[in-house]
Each structure stands twice: as C-alpha cells, then as structure tokens.
There are 2 protein chains.
Amino acid sequence: MSRARQTVTLTADLVILTIRDGTLCVLVVERGNEPFEGRLALPGGFLRGGENLDETAARELCEETGVRAEKLHLQQVGVYSDPERDPRRPRVVTCAYLAIAPDLPLPTAGSDARSARWAPVGVVESTGLAFDHDQILRDAVELARAELQFRTIATAFCGDDFTIGELREVYEVIWGVTLDKPNFHRKVTEADGFLVPTGGKRPVANGRPAALYRAGDAELLAPPMMRPRSTTPERSRGR
Amino acid sequence: MSRARQTVTLTADLVILTIRDGTLCVLVVERGNEPFEGRLALPGGFLRGGENLDETAARELCEETGVRAEKLHLQQVGVYSDPERDPRRPRVVTCAYLAIAPDLPLPTAGSDARSARWAPVGVVESTGLAFDHDQILRDAVELARAELQFRTIATAFCGDDFTIGELREVYEVIWGVTLDKPNFHRKVTEADGFLVPTGGKRPVANGRPAALYRAGDAELLAPPMMRPRSTTPERSRGR
DNA sequence: GCAATAGTGTCTCTAAGACAGTATCAC
DNA sequence: GTGATACTGTCTTAGAGACACTATTGC
C-alpha cells in the first residue's frame, strides 16, 4: 500500500501580499466548509481539466482581487505535500504561489460574497491559519524579502504610477528597516531599466511634490539592492 | 468536465548536476517504457503513500547515485503541470528538483541495472530529452547559476575536502566565465562561514600544493559572489 | 635553474553609506 | 517666514577588479 502510486488532487494556494497603511498585509478568507470550517486560510482552488497550475493560480487571483492576473506579479513558492497536511481523501497536495498587488479595493460584496479580507501579516502569523498555511505564509514572505534584493518586484506593490517615496516604503515595510532617503533615490534612479519617469508629479500633503515613475522593463535589479545587515530582527521569525 | 477537479499522479523528477572533466554534466536515464521508450530523460519517480515529494526526491536521488541524499544538496525547482506534458492518464504532474553532487562513480552495474549515466548539459540540450525535460533542465541550470551568487551551494559540487582551485572551477564551469584567481581566493577565504581550513594539503601535478578546506556552516554567502556581467553568452540559451 | 600552480600585496575604481545642503510645495 | 518632504552634492569607506609579486612544489 505504501509503495503504491498515490492519486492526489492538486490545489494552488495564494499568498497575495500588499501594503496598506504602512503594514504588510495578506489576503485571507474565512473557510465556509470542513475541514477547518470558520478558520482563516489562504485563498486557493483546485486544478481543473484544461489548465495547468499557473493558470489555476491566475484564475483564483483574478477571482479574489478582481484584477486581471497578468497585471500582478505571480510566481511559485513551492509544493507542500505532507501526507497529513489535509485530512481529506484523496490526498490534497498544494502548490503555493506568491502574488504581489498594489493596495486595491477588494470585491467585498461581490458576486461570490466571499469573506476575503486583508489582514496584517504579523497578526495572521500570531493567530494562525488553517492547514499548513502558516508555513506557506512564512516561506512566501521570506521569498518576497529575498527577491526584493535582486529583482524589480517591488514596483508590483505600487500602482501604475508611483513616487520614489512609495517605492522606498515597500522596501522598508517588507524588510522592517529604514533606508536612507537620498541614497535610495540615487540608487533606484540610476539602476538601469528599473524606473521610467513619467514626467508627472504627485502633490503631497506638506512638502515638495514628488516626481512620478513607472516600472521599467528590467526584471533583474543590477546592482542588487543590499539589505542592511544590522537591523534585522526578522530572522527570529524563520522556521 | 473541464471544470471538474482533476485527479492526478505526482512525480518528482531530478536534475542531478555534477562537474566532470571541467564540464557541467547531468544524470540522464534511457527510458525503458512507453511513453518515450528509448529516449533520454531525467530520472524520477512516483509519489508513494507515506511520503511527501521531498522524500520521494530524496529516495530517487539515493537510488540513482548510491549516496545518502542528506549528503547532497536538494531543492525544489518548480511544478510542471501542463495538461499535455505527459500522454498518460490520469494526468501526471511533476515537481522538479535540483540536486548537486560531487563527481562520484555511479552504481552502473548495480542491482537495478539502470542505464543511468552522466551527460554534458550542452550535449543534452541539443539532442533533447523526453517530455518537457528540456525546459526543466534549463530552469534547473538557471536556478543553479543564480543560487551560486548568493548561497554556498558551490561546495556541494566538491568532495568533503577540496581546494580553492576546485571551488573556483565550479563557478567558472557553471557560469561559463573565467575568474581572477587571486581575487577569488581572497573573496572566499574572507567570506564568513563559507570555508573551514582542514590543515591538509593536496599535492598537484606541477606546482605548489594547495591547502584543503571543508564547507562551513553558512548557507548564505555574504557578501554575494558577483557574476561578471560582460562575459555572459549563456543568456542566449534561455527560454 | 625552469615551469607550473598557490597564494599575498597593493593600487584603482565603483558604489554604498552618512549627511549637509538645496528645491518646492502648504500654510 | 516655518515646516515638511523631495532631491542633489560630497565625503568616506568597503569591496571588486587588475595585476605585480612571492611561495612551494616537480622536473
């Protein structure tokens, strides 16, 4: 029996991150069915006939956020396949995806009437999620932290147009550090293909208006954005 | 039908890399069954009852190389789930793993009498593999290239004890570049936790004997090993 | 001695970090 | 004007790269 090939069902679970009010937030849903009915969980869904898992994830992402998935950053985190991770039969194996979205209004009273909402990652990590979603969330956030250094995904947290101050806030919130404003400004404006100035300006409550930028073509950030070494109390959260 | 939950079988496929005679090589097997009978493919196997996919991969790795999987580097690359990737029913979805091994003798005439053998990655990429294994191989090699910069996995290509010249060869072969010997030496010996001197020396054919090192505790290489920008004709191979 | 590889010293230059100083807004 | 934020200039310093030089072997 234990040597037999397993037949499993596959799901794609989403860790959709955004920044709201200076806090890293994740989209969670309240489960309406067993198992773990009433508990918070990551959104996700089953693989369907004609699609691959990336398409499953993109479909779910669109359903949950109301935004075309092509406009958001979406990448695999990993596969979670422990035999005991889901009590259902046949075995349920999931592929976790990291999605990054700007601060957008959810379709709360939408057609599905899903109880999807943004919750601060820190809060969710202490209250706990269903299944092994705590582990998935930790892994996805750690992946996002690492990718910020070498790839240009930080712009995915911002809207189409954004200021350098908003981009800096992305790094500061996700890494839990404070960065030097002048140096950050020089660094990102000089990184080739990272930012494209739109020419527009955004008035600020009090102060000089900030120039607006759009995301450039580059996917890789060269040279990388170095993460400060000293100010890193985030390590303690790791596995 | 297309909206129905799919039931699938899961496999773990392995991209086992090593360096032989100054060439990056991958372990391939000749398929003995349909589909793709007689074609070359990556080794892999089905998920079994009591195990998760990481354990499936570790078991296969041990079977193919004859080495305890804990001694080798093993990590997920990604999930490949296109509906047409495997003609069998039920659908076969695979999770690809990257494994890194020192140049070791294969159990060729072993119990299983598997036709496993090392083949240069460049040759395999031009002759082609079964299924979507060409894509998997490209992704795994690209992952290895990227990870070399920031993690200490290069030591996994070496034996227990190795010289700095051997370690430098790992970088040069995988990146397809030549690195400055003195600068490389200083860089890796000063990186905290990367190398531990054993005190031993290895005589060389012609020249001063090289000091021997073992892999240190660090997983992250800080500061990272920067990959030369100019000498990179490898990009053209990408997807 | 010569050839070959291992390893060190030193100079240059780029880029990161610190931080003073300037620009442009609301009031 | 003050206060706030955006942005620029400049100095310092760490580290990458180039490369001359020394060290230790086989012959």
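A note on names: the letters A, B, ... follow the listed sequences, proteins ahead of strands, and every chain is numbered from 1.
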A/Leu195 atom CG is separated from D/dC7 atom P, nearest whole Å, by 11 Å

Between CG of A/Asn183 and C1' of C/dG21 the distance, given in whole Å, is 14 Å

| message | I want to know whether A/Phe184 and A/Tyr171 have ring centres closer than 6.0 Å. | response | yes

Check your understanding: Is any side-chain N or O of B/Lys187 closer than 4.0 Å to OP1 or OP2 of D/dG15?
Key -> no

A/Ile164 CD1 to C/dT24 C1', in whole Å, measures 16 Å

Rounded to whole Å, CG of B/Asn206 lies from P of C/dT5 at a distance of 7 Å

To the nearest angstrom, the NZ-P distance between A/Lys181 and D/dT5 comes to 6 Å

In whole angstroms, the gap separating P of D/dC21 from CZ of B/Arg186 amounts to 17 Å

When rounded to whole Å, the CG to C1' distance for the pair A/Leu179 and D/dA6 reads 16 Å

### Query
Have B/Glu147 and B/Gln75 got a donor and an acceptor in their side chains that come within less than 3.5 Å?
yes

Between B/Pro182 and A/His185, the residue closer to the 5' end of DNA chain D by nearest nucleotide is A/His185

Whichever of B/Pro224 and B/Arg208 has the more 5' nearest nucleotide on DNA chain D, that residue is B/Pro224

Note to self: For B/Ala96, is there any backbone N or O sitting under 3.5 Å from a side-chain donor or acceptor partner on B/Asp13?
What the structure shows: no

Rounded to whole Å, the CG-C1' distance (A/Asp180 to D/dC7) equals 12 Å

Closest non-hydrogen contact found for B/Met225 with B/Leu148 is CB-O, 4.4 Å

